[in-house]
Number of protein chains: 2
Amino acid sequence: MNRVFKALSDPTRREILRLLTMREMNAGELAERFDLTKPSVSHHFAVLKDADLVRSRRDGQQIIYSLNTTVVQDVLSRIWDMFGSPSKPGEGG
Amino acid sequence: MNRVFKALSDPTRREILRLLTMREMNAGELAERFDLTKPSVSHHFAVLKDADLVRSRRDGQQIIYSLNTTVVQDVLSRIWDMFGSPSKPGEGG
DNA sequence: GAAAGATTTCGACGATCATCGAAATATTCA
DNA sequence: TGAATATTTCGATGATCGTCGAAATCTTTC
């Protein structure tokens, strides 16, 4: 769970995730969207994969990235459970 | 929004937030729960306050921390909107 | 097999971050 | 006013992080 929060702590990676909610994209296509070198963007892919938030598959020369939908949903549920229903003081928590 | 994610990226701070969902606590009470010096824990309070996730008020010699419930709820909603309903490829997003 | 294209790995560098001990600030109580 | 308690601020330090250019890996095509 810590890797997930670390992964989400960088704006570039959050933007990658947001783009992938639209449709899957290959590495070069994603890299074009950022003012970063390809090695830098590739590093962000690795962090997101390590957190299990995205998946990748090869299609010819290209690597196609997609959102790991089930994990993202599960993670969001956990976060919600952790902070989403705080009992107010005096409400009996 | 970036400050929020940065704030959430540290396990100690997430634990502070989790504890505060139970009930409000003063600084010393919270600090006892961690194997950290008081200056370190105090630093985490500052980060959480800067992200507007917690509030503090003074009661005599003590500073009482509580979850900023409305902001936490709002933040979670935003995160959910950002990643919560990803359209699968071919589903027409 | 060699050239070309897409992507990642490597090694390094500067910035940011979590942590600490010491000192400073704020409040209470005698 | 001065001692005691609670908490934060300051200054420093080691670790982690995002970034880069160069080199390596993998695939396709000729």
Side-chain angles (χ1 to χ4, degrees), chain A residues 1-20 22-68 75 82 89, chain B residues 1-20 22-68 75 82 89:
Chain A
M1 202 54 174
N2 198 37
R3 291 181 200 191
V4 171
F5 281 105
K6 290 278 188 194
L8 290 173
S9 72
D10 182 88
T12 299
R13 290 194 289 266
R14 292 198 300 275
E15 177 65 7
I16 292 171
L17 288 176
R18 201 187 61 76
L19 290 169
L20 290 179
M22 315 292 198
R23 62 179 175 86
E24 50 185 27
M25 297 175 79
N26 64 52
E29 220 173 359
L30 279 167
E32 278 176 7
R33 308 272 192 138
F34 302 96
D35 262 348
L36 294 174
T37 62
K38 289 185 175 186
S40 295
V41 181
S42 182
H43 161 70
H44 289 305
F45 294 155
V47 174
L48 290 168
K49 275 172 65 176
D50 189 53
D52 207 23
L53 291 169
V54 307
R55 285 179 175 152
S56 69
R57 67 175 195 277
R58 179 175 280 278
D59 179 27
Q61 297 183 57
Q62 303 181 335
I63 308 282
I64 300 182
Y65 284 95
S66 59
L67 207 65
N68 193 345
V75 161
M82 206 178 304
Chain B
M1 202 54 172
N2 198 37
R3 289 181 200 194
V4 171
F5 280 105
K6 289 280 188 193
L8 291 172
S9 72
D10 182 88
T12 299
R13 289 194 289 266
R14 291 198 301 275
E15 178 65 8
I16 291 172
L17 289 176
R18 200 187 61 79
L19 290 168
L20 290 179
M22 315 290 198
R23 62 179 176 83
E24 51 184 27
M25 296 175 79
N26 65 52
E29 218 172 0
L30 278 167
E32 279 176 7
R33 307 272 191 139
F34 302 95
D35 263 347
L36 294 174
T37 63
K38 289 185 176 186
S40 295
V41 181
S42 181
H43 161 70
H44 289 305
F45 295 154
V47 174
L48 289 168
K49 274 171 65 176
D50 188 55
D52 207 24
L53 290 168
V54 307
R55 284 180 177 151
S56 68
R57 68 175 195 277
R58 178 175 283 278
D59 179 28
Q61 298 184 59
Q62 303 179 337
I63 308 282
I64 301 182
Y65 285 95
S66 59
L67 208 64
N68 193 345
V75 161
M82 205 178 304

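We name chains A, B, ... by the order of the sequence lines, and we start the count at 1 in each one. Atom set for the values below is all heavy atoms of this structure, side chains included, hydrogens, waters and symmetry mates excluded.
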Is the distance from OP1 or OP2 of [N] to the nearest side-chain N or O of [X] less than 4.0 Å?
X	N	answer
A/Thr37	D/dT19	no
B/Arg58	C/dT27	yes
A/Tyr65	C/dA6	no
A/Asn26	C/dT7	yes

Exam field: side chain B/Arg13 to backbone B/Phe45, donor-acceptor pair closer than 3.5 Å: no

Quick one: [X] [atom1] to [N] [atom2], roughly how many Å, whole number?
X	N	atom1	atom2	result
A/Arg57	C/dA6	CZ	P	18 Å
A/Phe45	D/dT19	CZ	P	12 Å
B/Asn2	C/dT16	CG	C1'	12 Å
A/Ile16	D/dG18	CD1	C1'	12 Å
A/Leu8	D/dC17	CG	C1'	16 Å
B/Arg14	C/dA18	CZ	C1'	14 Å
B/Lys38	D/dT8	NZ	P	10 Å
B/His43	D/dT9	NE2	C1'	13 Å

A/Val41 or A/Asp59, whichever maps to the more 5' nucleotide of DNA chain D: A/Val41

Which residue lies more 5' along DNA chain D, comparing B/Ile63 with A/Leu36 via nearest heavy atoms: B/Ile63

Can a salt bridge be assigned to the pair A/Arg57 and A/Glu24 using a cut-off of 4.0 Å between side-chain N and carboxylate O? yes

So if I take every side-chain heavy atom of A/Ser42 and compare against C/dT8, D/dT19, C/dT28, which nucleotide ends up nearest? C/dT8

Look at the side chain of A/Gln62 and decide which nucleotide, out of C/dT8, C/dT7, D/dT19, has an atom nearest to it. C/dT7

Pairwise distance [atom1]([X]) to [atom2]([Y]) - rounded to 0.5 angstrom:
X	Y	atom1	atom2	value
A/Leu30	A/Leu19	CG	CG	6.0 Å
A/Leu48	A/Tyr65	CG	OH	9.0 Å
A/Thr12	A/Asp35	OG1	CG	10.0 Å

Under 4.0 Å, heavy atoms only, any strand: does B/His44 hit a base, just the sugar-phosphate, or nothing? sugar-phosphate

Per nearest nucleotide of DNA chain C, the residue lying toward the 5' end, A/Pro39 or A/Gln61, is A/Gln61

